[in-house]
Amino acid sequence: MLDIQQILDDIAAEMASETDRGKVADYIPQLAHIDPNQFGIAVATPDGQMYAAGDASTLFSIQSISKVFTLTIGLGKLGDTLWTHVGREPSGDPFNSIVMLEHEMGRPRNPFINAGAIAVVDAIMMGHKPKETLGEILQFVHLIADDESIRFDHKVAASEMAHKDRNASLAHFMKAFGRLRHDVDNVLGTYFHQCSIAMNCQQLASAGLYLVSNGVDKHSGVRVINEKRARRINSLMMMCGHYDGSGEFAYRVGLPGKSGVGGGILTIAPGKGSIAVWSPGLDHVGNSKLGLKALERFVQKTGWSVFAE
């Protein structure tokens with residue numbers, strides 16, 4: 001029988017000795033001040049167990065991991081109509097690239113690059129003000145994490161809004177193609193606040209459990225999303241969850257996952273557990289450098305890869 005706690009303790013000790021920790025996301029000034037010498041990991045299992053090591057209780061900005069949650073909301077509200085707003089293909093380009101938008105008439109390649117996530121936010125707003133949409137997003141996160149203490153980090157959101165030019169370019173480009181229905185600043189304000197949600201590894205691992213269990217929230221027994229859509233979210237996480245490092249992540253870890261430039265990674269082992277890891281230093285494509293290494297070690301020790309025999 002696996003001793004998951006011992007595995008996490010061993011991984012945390014190994015990561016503490018690493019010297020090449022990557023570089024924090026300094027293009028968002030509020031994230032530039034974060035100490036890169038931090039590492040946390042947590043595993044939540046469907047039977048209610050939680051295992052954690054390192055800085056697993058330290059809050060961090062989940063950033064693009066939030067795109068998994070808004071995609072789930074979008075599929076719940078719009079069903080397959082959502083795919084008229086955004087595609088399902090890997091991008092092969094940086095997360096904030098505008099290149100493919102021009103080739104594909106303003107329709108983003110997938111929901112996990114910035115343009116795709118902005119399109120999903122626009123789709124789920126459905127004529128509502130940002131405050132109403134953000135309330136819905138936060139309420140959903142409270143539900144799946146079973147934790148009503150989770151909040152937006154308004155300083156991070158303000159920092160992103162003050163340096164919004166790249167994302168504003170993506171949004172205006174999509175608007176020019178008729179892809180966005182709402183005011184660009186309202187969409188961006190919603191998007192930046194969504195990305196600013198602050199969670200720790202334990203909360204994040206707990207929030208991912210519905211994707212471990214075919215769409216069912218094991219905390220409450222409530223079905224969050226139907227089984228077919230849960231599988232499809234996992235497949236998109238496998239193909240597109242790490243920008244143009246998605247192939248490398250699939251090769252080394254072999255699990256669906258979604259990274260964020262805050263240094264977090266949410267990883268799903270279907271039927272087994274939800275793994276959240278955080279270390280703020282990023283590699284050259286924007287994924288947590290130690291996070292990827294730690295997850296690779298975890299899968300080697302547990303055999304939880306979807307490609308395992």
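Predicted model, so just to flag it, every value in this text is computed and none were measured.
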Is there a donor-acceptor contact under 3.5 Å from the side chain of [X] to the main chain of [Y]?
| X | Y | result |
| --- | --- | --- |
| Gln38 | Pro280 | no |
| Arg166 | His163 | no |
| Asn287 | Leu282 | no |
| Ser159 | Gln30 | yes |
| His242 | Gly247 | no |
| His193 | Thr190 | no |
| Arg223 | Asn214 | yes |
| Asp217 | Gly221 | no |
| Thr302 | Trp304 | yes |

Looking only at side chains, do [X] and [Y] share a donor and an acceptor under 3.5 Å apart?
| X | Y | result |
| --- | --- | --- |
| Glu160 | Gln63 | yes |
| Ser64 | Lys67 | yes |
| Gln203 | Asp147 | yes |
| Ser274 | Tyr210 | no |

For atom [atom1] of [X], is the number of surrounding heavy atoms from other residues, nucleotides or ligands below 6.0 Å larger than 12?
| X | atom1 | value |
| --- | --- | --- |
| Gln139 | CD | no |
| Glu148 | CD | no |
| Lys129 | NZ | no |

Side chains of [X] and [Y]: closer than 4.5 Å at any heavy-atom pair?
| X | Y | result |
| --- | --- | --- |
| Phe69 | Ile62 | yes |
| Val253 | Glu248 | no |
| Ser259 | Tyr243 | yes |
| Cys201 | Val277 | no |
| Met238 | Val306 | yes |
| Leu209 | Ile144 | no |
| Tyr51 | Ile41 | no |
| Ile197 | Asp153 | no |

Inset, instruction - Check step by step if side-chain contact (heavy atoms from CB on, under 4.5 Å) holds for Val224 and Val216. - result: CA-CA 6 Å; Val224 176; Val216 175; over 6 Å; no
Legend entry - Stepwise side-chain contact (heavy atoms from CB on, under 4.5 Å) check, Trp278 with Leu204: CA-CA 10 Å; Trp278 171 65; Leu204 188 57; over 6 Å; no
Legend entry - Minimal non-hydrogen separation, Ala119 against His85, with atom names: CB-O, 3.9 Å
Legend entry - Met174 versus Pro108, closest heavy-atom pair with distance: SD-CG, 3.5 Å
Legend entry - Glu136 bridged to Lys77 by N-O distance under 4.0 Å: yes
Inset, instruction - Give a yes or no on whether a salt bridge exists between Arg109 and Glu89, defined as a side-chain N under 4.0 angstrom from a carboxylate O. - result: no
Inset, instruction - Could you give me the CA-CA distance, side-chain angles and deciding distance for Val86 and Arg107, then say whether side-chain contact (heavy atoms from CB on, under 4.5 Å) is met? - result: CA-CA 6 Å; Val86 63; Arg107 181 172 178 260; 5.6 Å; no
Inset, instruction - Hey, could you give me the CG/CG distance between Asp35 and Asp55, rounded to the nearest 0.5 Å? - result: 8.5 Å
Inset, instruction - Can you run down the side chain to side chain donor-acceptor pair (under 3.5 Å) pairs that involve residues 173-185, sequence neighbours left out, and say none if there aren't any? - result: Asp122-His182, Lys164-Asp185
Legend entry - Inter- and intrachain pairs under salt bridge (Lys or Arg N to Asp or Glu O under 4.0 Å), touching residues 13-24, at least two apart: Glu14-Arg297, Glu18-Lys293, Asp20-Lys289, Lys23-Asp26
Inset, instruction - Using the side-chain contact (heavy atoms from CB on, under 4.5 Å) rule, take Asn110 and Arg88 through it: C-alpha gap first, then chi angles, then the decisive distance, then the call. - result: CA-CA 5 Å; Asn110 66 70; Arg88 299 189 295 267; 5.9 Å; no
